[in-house]
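What follows is a short report on a single structure.
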Amino acid sequence: MSSPAPDKVQFKDLQSLFAEVLKVDPSQVDANAQLGEWPLWDSMAHMDLMLALESRFGVEINAENISRLISIPAILEYLQNHG
Amino acid sequence: MADRSLRISPQIKIPGHLIGQIQSKLAYVDESISGANVSADGNEIELTLRNSDGISADLEAKVQSVVAEMARDAVQPKVEILEDNLARLVPCSLDPMPELFSRGEVSREHNGIYTLGPQLTRLIDVFERYFLTLASSFDAKPHRFPTLISAEKLGRVNYFHAFPHSLTFATHLREDLNIINDFSEHAHYEDAGLNAPSTSFSKIQALLSPAVCYHLYFSLADQPLPGGQLSATAVGHCFRYESTNLNSLERMWDFSMREIIFVGPADFVLQNRERGRKQVSEFLEQIGLAYKVESANDPFFVGEFRKQAAFQNAFQLKYEIRARLPFKDSTLAVGSYNYHQDFFGRHLNITLPNGKPAHTGCIAFGLERLAYAFLCQFGLDSRDWPAPIREAWNG
């Protein structure tokens, strides 16, 4: 199954990406999850997630965005605005 | 037999911001390497090889893998300069090392291991008096930490994963009469090492400490943080093996570091780090040091480098005070402002009153490096030094 274009990404797409990277069941991925608030989403996991976002959805994430994309709502908004 | 050189064209062009980082890591690729230089355009690596009989077959593959691991998909860092006083006029432009050696002020005991004489010791004491005053302004409580550090605790904070290349291990002879007697009779130094078989030594339980603040965090582990926040200060010896990069007082295997450490909620740590930076800035202005403060990252090893360095950079976790070395038109990190977020609080289970992991940060000064950079800029004659240092020196 191909990945959706960034502007078509929905929570369920991020849910499955987070589940793969963090090695958890998708049901454990909360729609409002945040870096630091969810113990599994620590600094190393964050960088794995950023790299996975780049390769899955074909977007480029620079240093500034690495520090902004720290919640699932922020990531969704970023992807949807970078189609 | 003379050393020889080997030129390698990296399969991935090395971006400018990674040239220094990759160059320093090449020292750890193979024992035959005695020097490495990456061209300014990032298209060529020149290795200097010891006069060994042969080059290991996989040497080039290992070099290529280091470049690939560190440079592939590298995130271009934000370079943030918080202070730029590099252009300050300073009176000296000579390398002080030859004179320091000839006066007996510095003596090389071994690669990366130096003894310092009375002038450098006294100069460091002058800086130390200032740092203690700075620490007092935060009501930072004094601590004394051991030189050895627990292997078990370092493992808990992933140190072995992030910085394996710079570790220095401590061991002892196994508790076995035959082994101890055999060592006592036969041990001697030969071929650049002690001749004792490795089986004579115990398992590694301790290392020589690579940083000061870790000891404080370890002492706070697995309990609620007393009072919900604290400031502390300590000076200690730190050990980071840097292979062929070890270079005079600029890069020592055994060096001393003064730290002022903050543990508590994020805003407590960040506000104190910033307050400390402003106070240090005033001090450096008073003494007229030429320096800048800019974003930096820790020297993570190859596999960890790309992600960890990008994370540190993105979240502005580390800034270095880089003093100018006029004699070679470069800079040297003499201190740093660090914020670890809740990394230590989480890994060591240090909890705040609200049950969340504590945040940590520190202000750190490399004492030998600071003294060395000062002498590079102001020379060895104390009569030529800036008034605040001269007065403290005489006082």
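Proteins come first, then strands; the chains are lettered A, B, ... in the order of their sequence lines, and each starts at number 1. Computed from a predicted structure; not experimentally measured.
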Just wondering, more than 12 heavy atoms not from B:K356 lying within 6.0 Å of its NZ? no

Taking every non-hydrogen atom, the tightest pair across B:D342 and A:G36: OD2-O, 4.2 Å

NZ/A:K8: more than 12 non-hydrogen atoms of other groups inside 6.0 Å: no

Would a 4.5 Å heavy-atom cut-off, applied to side chains only, mark B:F315 and A:H46 as touching? yes

Proximal component of A:L69, with respect to chain B [non-hydrogen, under 4.5 Å]: neither

Taking side chain as C-beta onward, heavy atoms only, is A:M47 less than 4.5 Å from B:R306? no

Does this structure show an ion pair linking B:K307 with A:D48, if we count only N-O contacts that are shorter than 4.0 Å? yes

Gap between atom NE2 of B:H340 and atom OG of A:S43 - 0.5 Å precision: 11.5 Å

Please check if the number of heavy atoms outside A:E77 that lie under 6.0 Å from its CD is greater than 12. no

Shortest non-hydrogen separation from B:A314 to A:S67 and the atoms involved: O-CB, 3.1 Å

Under 4.5 Å heavy-atom distance to chain A, tell me which part of B:Q312 shows up: side chain, backbone, both or neither. neither

